[in-house]
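Report on one structure; see the data block that follows.
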Amino acid sequence: MEVKGETYRITYESASATINCEGSLRLYGTSGYNEIVELFNKVADLKPKTITLKLDELKFLNSSGINALSKFVIRVRNQKASELIVRGTKLFPWQGKSLKNLQRLMPEMKLEIS
Amino acid sequence: MNGKLFGNFVDMGDSQEFLIISFSSAKTPIQERWRHNSISADFLANYWGTFFPAHSTAPNQHAEVKDAVNFIANELLENAIKFNYYPSGFSMSISLYMSHEALRFYVTNSIAQDNLLIFQNVIHELLAENPQELYIRRLERNADEESGKDSGLGFLTMLNDYNARLAWRFETVQTRPEVTLVTTMVQLPIVRA
């Protein structure tokens, strides 16, 4: 599965149940994220044992994008079927500031920022 | 100072450094304006980053400032473009002023009379409530809603994740027909090394 645009690429690799987000995401409003939310939903609904969400190549995310990520985390949390690991990087300071909010939504989520 | 104020609005006055960008209010398609937003936010981030050199005594600050300016400027421009009242013909602007302890963003756009009270109610909520609780509540509520609505997370992210302070000024600049300009101020605490 893949969703891509001029400045970003989201892929899902089923062998490792990993979603990889790359580039800059500044799409228009919540509706701009429909395709990406659809990919996230499909992955959550597959209910793999552990889902890894890789964000360490995601340079920029606007608040509508933060909303899309939160929806995904809440869906995985509510399904109670998968563990969730979110991987970020200190290279992009927004990740240290904003990703901890995902953990407030799902305390058992593993947040790894290296 | 004229106008109606919300929060602790600090005037632009006393800063040593500033940069102002104005935009026409022409009916450019929103997708195109969106692209302009990214370009402006990237430019502002790079410009202000130069005041915090990467080789200084606080090397992380360069990346921190660039990243924060990029996020905040982008959100403010997105809001301005979404809520600007285009028939007014008034231009929009974003400016950044730097003092010793803060970077202050000011974004001005016109607003439709129908949206005034709605926006002021949002402001009351933002200023009165605990931002962290409001933020989490908003995320949970958004997850239950279909897309298409505004996520309402921009200002909350600035308050919650960036320790920013927000304030607003509303000014009636024309009567018949009435035109109101709103200026959003975002104060980002920064200590220059």
Are any non-hydrogen side-chain atoms of A:K100 and B:D161 less than 4.5 angstrom apart? yes
Is there a path of hydrophobic side-chain contacts, each under 4.5 Å between heavy atoms of I, L, V, M, F, W or Y residues, that connects B:F43 with B:L188? yes
Please report the interatomic distance CG(A:N62) to OG(B:S151), rounded to the nearest 0.5 Å. 8.0 Å
Does a side-chain N-to-carboxylate-O contact under 4.0 Å join A:K59 and B:D67? no
Please classify the contact between B:S38 and chain A as side chain, backbone, both or neither, with a heavy-atom cut-off of under 4.5 Å. both
One pair to check against salt bridge (charged side-chain N to carboxylate O under 4.0 Å, His left out): B:E140 and A:K71. What are the steps and the verdict? CA-CA 8 Å; B:E140 295 282 0; A:K71 277 186 155 188; over 6 Å; no
Looking only at heavy atoms and a cut-off of under 4.5 Å, which of B:I136, B:L153, B:I81 has the most pairs with chain A? B:L153
Is it true that, when you exclude B:Q113 itself, more than 12 heavy atoms of the residues, nucleotides or ligands shown sit nearer than 6.0 Å to its CD? yes
Any side-chain heavy-atom pair of A:R104 and B:Y135 under 4.5 Å: no
Is there a side-chain contact between B:W34 and A:L27 (heavy atoms, below 4.5 Å)? no
With only heavy atoms counted, which part of A:Y28 is less than 4.5 Å from chain B, the side chain, the backbone, both or neither? both
Kindly compute the distance separating CZ (B:R138) from CG (A:N67), expressed to the nearest 0.5 Å. 9.5 Å
Determine, using the 4.5 Å side-chain heavy-atom cutoff (strictly less than), whether A:M106 and A:I74 are members of one ILVMFWY cluster. yes
Do B:L159 and B:V122 share a hydrophobic cluster (ILVMFWY, side-chain heavy atoms under 4.5 Å, transitive)? yes
Is there a side-chain contact between B:N160 and A:N101, using heavy atoms and a 4.5 Å cut-off? yes
Contact origin within B:E64 toward chain A - heavy atom pairs under 4.5 Å: both
Spell out, yes or no, whether B:I94 and B:F90 are grouped together once hydrophobic residues are joined by side-chain heavy atoms under 4.5 Å, including indirect joins. no
Tell me whether B:R35 at atom CZ has more than 12 heavy atoms from other residues, nucleotides or ligands lying less than 6.0 Å away. no
Testing the 3.5 Å rule here: is there a donor-acceptor pair between the side chains of A:R26 and B:N74? yes
Atom CD of A:E108 with >12 non-hydrogen neighbours under 6.0 angstrom: yes
Residue-level interface, residues 46-54 of chain A with chain B, non-hydrogen cut-off under 4.5 Å: none
In Å and rounded to the nearest 0.5 Å, what is the CZ to CG distance from A:F92 to B:N70? 11.5 Å
Counting heavy-atom pairs closer than 4.5 Å to chain A, which one of B:Q31, B:E78, B:K66, B:Q132 comes out on top? B:Q132
Sort out for me which of A:S64, A:G32, A:G29, A:S98 touches chain B most, counting heavy-atom pairs under 4.5 Å. A:S98
Flag yes if B:L76 and B:L181 sit in one hydrophobic cluster, no otherwise; membership is Ile, Leu, Val, Met, Phe, Trp, Tyr, and two members link when side-chain heavy atoms are under 4.5 Å apart. no
Determine, using ring centers only, whether A:W94 and B:F71 are less than 6.0 Å apart. no
Spacing of CD belonging to B:E75 relative to CD1 belonging to A:I66, to within rounding of 0.5 Å: 7.0 Å
CZ of B:F18: more than 12 outside heavy atoms within 6.0 angstrom? no
